[in-house]
2 protein chains.
Amino acid sequence: MKWQQRKSLETQQKLLSAALACLERDGFHNFRLDRVASEANVSKGALTHHFSNKDDLLAHAIEKVLDEFVDALAHGVDEVHAGRLTLDGFLDLMWLHMSGQLYMVTLEIALKARHEPSFRTLLTPQVQSFHERIDAIWQQLFPHLSPARATHLMNLSMNLLRGMGTQSVFRKDAPYFNDLLNGWKAILRQQVAS
Amino acid sequence: MKWQQRKSLETQQKLLSAALACLERDGFHNFRLDRVASEANVSKGALTHHFSNKDDLLAHAIEKVLDEFVDALAHGVDEVHAGRLTLDGFLDLMWLHMSGQLYMVTLEIALKARHEPSFRTLLTPQVQSFHERIDAIWQQLFPHLSPARATHLMNLSMNLLRGMGTQSVFRKDAPYFNDLLNGWKAILRQQVAS
DNA sequence: AAAAACAAACCGTCAAGTCGGTTTTATTTA
DNA sequence: TAAATAAAACCGACTTGACGGTTTGTTTTT
């Protein structure tokens, strides 16, 4: 009970990575199980062996991507406390993730969840946990602010970045988004100071 | 050449409205032509007579929804100039549309466009025109600001609302979004004044 | 030998697009 | 003006391809 377990885990991770890559490249509407399998260099039979169906695979994939985002932010806030990262740098970190694979994948999944109650209930605990962890991280980021105020600023920031991520579907224009982000940094500094 | 033309237009409008309703209810992934036809109380044959294929129907539907949004904003800025609407009220108007059918439909379409170049090129002129018109409206809204500054504030606002619209997929919580919007109104007043 | 990991053929379903046909409206002509 | 012809609007059965899930078979590990 050692070699098999390792092999199994390894195949599952390959499949999850492949699923995320496919989701980002093809979108949920063109997301095909056989493409995931070939992307992961395993057969379709192996895929069904590890994941009972499409929804199951997607749910595990989204879990992975959310965890990675939270881990990155948690690490970011540690860096801020250690004096190795500024608030601006922290926002850059958030934008880096929101403009990458993460956000597009969550967007695809969110729209699926919107129209399929069973899938939404499958995801709800994960999403809830995600928000709670992000919230906790911003509380740590602004220990001198009231928790409610920190949460408010987090929500404004997250939604601005969400919107920018969405717009980036159509507008490929890094300087433009950088300009927006800089504008928001200035406003945020002002809001934190007061 | 009168009666037929009117009938044709009427059927097309029924189909477009039905398409938008289906898109909002079922999502693009579960968007079915026969459902659109039955929702519009016409046959599938009639649908194919008026729209050559699925993409064609969707492109016309999105055109309709964007136009309605621009018209609403153009009317809003007139009301502001006439003194019958405040800046806060204008933002409420924007949020009203962004939290309704419009935004979800554009989101569904945007993700489709992201992964289908042919469809994206079909939409590009419409999206471009949309942005230009929104931009012009905000220039009118803040005639005392520099055009660049007005555009910047517009983009921040639009992206915040976009993000809020996206989050509303998962979080049904009107007071929360109202709170966020109020926070942004205060910041925007400050930005406009300085 | 048993169980796990994997492979690949197979099948049922489902929807987009096609196409021949019908009905309704418009135009021409005798 | 009324018959004849053309054209547009509309209908719905059928084809075709695609994909998710199942099943059966093979190899490898324990």
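Here is the naming used below: chain letters follow the sequence lines, and residue numbers restart at 1 for every chain. Worth knowing before you read on, the calculation uses all heavy atoms, side chains too, and leaves out hydrogens, waters and symmetry mates.
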Q. Charged N to carboxylate O below 4.0 Å: is that the case for B/R35 and B/D26?
A. yes
Q. Do A/W184 and A/S157 have side-chain N/O donor and acceptor atoms under 3.5 Å apart?
A. yes
(Q) Just checking B/H60 against B/F51, ring centres under 6.0 Å apart? (A) yes
Q.
Whole angstroms only, please: what is the CZ-P distance between B/R6 and D/dA9?
A. 13 Å
Q. Under 4.0 Å between a side-chain N or O of B/T11 and OP1 or OP2 of D/dC10?
A. yes
Q: For DNA chain D, find the residues of residues 35-60 of chain B with a heavy-atom distance under 4.0 Å and give them by number; none if there aren't any.
A: B/V42, B/S43, B/G45, B/A46, B/H49, B/H50
Q.
I need the CG-P distance between A/L33 and D/dG21, as an integer number of Å.
A. 6 Å
(Q) Expected output is a numbered-order residue list: members of residues 18-31 of chain A with a heavy atom under 4.0 Å from any atom of DNA chain D. What is it? (A) A/F31
Q: Please say whether more than 12 non-hydrogen atoms of neighbouring residues, nucleotides or ligands are located less than 6.0 Å from NE2 in A/H75.
A: no
Q.
Using 30° and 60° as the class boundaries, would you call the ring planes of B/F28 and A/H29 parallel, tilted or perpendicular?
A. tilted
Q. Within this structure, what is the NZ-to-C1' distance between B/K7 and C/dT24, rounded to whole angstrom?
A. 9 Å
Q.
Nearest whole Å is fine: how far is D/dA9 P from B/Q12 CD?
A. 8 Å
Q.
Do the side chains of A/K112 and A/E116 get close enough for a salt bridge, i.e. N-O under 4.0 angstrom?
A. yes
Q. Atom CG of B/L9 and atom P of D/dA8: how far apart are they, to the nearest Å?
A. 15 Å
Distance-only criterion, 3.5 Å: show the donor-acceptor pairs between side-chain atoms of residues 85-92 of chain B and protein atoms not counting sequence neighbours.
from  : atom 1 : to     : atom 2 : distance (Å)
B/T86 : OG1    : B/D88  : N      : 3.4
B/T86 : OG1    : B/G89  : N      : 3.0
B/D88 : OD1    : B/R189 : NH1    : 2.9
B/D88 : OD2    : B/R189 : NH1    : 3.0
B/D92 : OD1    : B/K185 : NZ     : 2.8
B/D92 : OD2    : B/K185 : NZ     : 3.4

Q) Would B/R25 and B/E39 count as a salt bridge (Lys or Arg N to Asp or Glu O under 4.0 Å) if you check the C-alpha gap in whole Å, the side-chain angles of each, and the deciding distance to 0.1 Å? A) CA-CA 12 Å; B/R25 174 164 42 80; B/E39 179 98 9; 2.9 Å; yes
Q. Between D/dG20 atom P and A/E116 atom CD, what is the distance in whole Å?
A. 13 Å
Q. What's the closest nucleotide to the A/R32 side chain, out of C/dA16, D/dC10, D/dC19?
A. D/dC19
(Q) For A/D34, is there an ion pair with A/R32 - N to carboxylate O distance below 4.0 angstrom? (A) no
